[in-house]
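What follows is a set of notes on a single structure, which appears directly below.
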Amino acid sequence: MIHSLSELIGAWQYTRGLTLTFAQELSDSDLDKPLPRKNLNTIRLQIEEMAMIQEDYINALATKAINFSTAPLKDTSTQGLIKKLTALDAMLEKNLESFDGTENIDWFGEAMNIHAHIAAMIGHENMHIGQIVAFCYATGITIPAKVVETMALDG
């Protein structure tokens, strides 16, 4: 994998580490606590959606076109989510091994360079992490200590 994509994967691993920390350390009741949001109104649903969208981004590496069509996950248990996220991360890295950085992904008629494509995936995950942090504050869910420390939050 070329250095610039390797650096993006490093940024992805940091971001994904935060998501995995929420999945691993929150109780089922906290993962399923209703949040003040339409549709993706639990942390579990947000994590499931992050996995589905990542799969769409990975599929676009092969098809060279983004298509948001991944079906909902069959196993949304905590262990099922962790297993899926971990498998997707391995698949992402494997698929990027042969990329030279000049590849483009068709984003609904607009060419997006592979670097921008991966950056958009990271941005999507970060948006959800920000929502999860805000929802934790709003609903009294204790934010995992690792996330508090990593993101320099005030608990």
| task | Determine, stepwise, if the pair Leu92 / Leu61 fulfils side-chain contact (heavy atoms from CB on, under 4.5 Å). | result | CA-CA 9 Å; Leu92 174 66; Leu61 299 177; 4.0 Å; yes
| task | Please work out which of the three classes, parallel, tilted or perpendicular, describes the rings of Tyr57 and His117, given edges at 30° and 60°. | result | tilted
Nearest 0.5 Å, what's the [atom1]-[atom2] distance between [X] and [Y]?
X     : Y     : atom1 : atom2 : answer
Met91 : Glu55 : CE    : CD    : 6.0 Å
Leu88 : Asp56 : CG    : CG    : 10.0 Å
Leu81 : Gln24 : CG    : CD    : 11.0 Å

| Does a side-chain N-to-carboxylate-O contact under 4.0 Å join Lys84 and Asp75? | no
| Are Glu125 and Arg16 within salt-bridge range, i.e. N to O under 4.0 Å? | yes
What I'd like to find out is whether the side chain of [X] reaches to under 4.5 Å of the side chain of [Y], using heavy atoms alone.
X      : Y      : value
Leu5   : His115 : yes
Asp106 : Ile66  : no
Asp30  : Phe22  : no
Glu93  : Glu97  : no
Thr142 : Glu25  : no
Lys33  : Ile43  : no
Ile129 : Val147 : no
Leu8   : Ile114 : no

Verify the cluster assignment for [X] and [Y]: are they in a single hydrophobic cluster under the rule of side-chain heavy atoms below 4.5 Å apart?
X      : Y      : answer
Leu153 : Phe135 : yes
Met151 : Leu26  : yes
Ile2   : Met121 : yes
Ile53  : Ile132 : no

| Can you check side-chain contact (heavy atoms from CB on, under 4.5 Å) on Thr42 and Leu31, steps first, answer last? | CA-CA 6 Å; Thr42 68; Leu31 286 171; over 6 Å; no
Hey, are [Y] and [X] close enough side-chain-wise for a donor-acceptor pair under 3.5 Å?
X      : Y      : answer
Tyr137 : Asp154 : yes
Glu49  : Asn39  : no
His128 : Thr19  : no

If you count the non-hydrogen atoms of other residues, nucleotides and ligands that lie under 6.0 Å from [atom1] in [X], is the total more than 12?
X      : atom1 : answer
Asp100 : CG    : yes
Lys83  : NZ    : no
Lys146 : NZ    : no

| note | Residues Met52 and Pro72: closest non-hydrogen pair is SD-CA, 3.7 Å
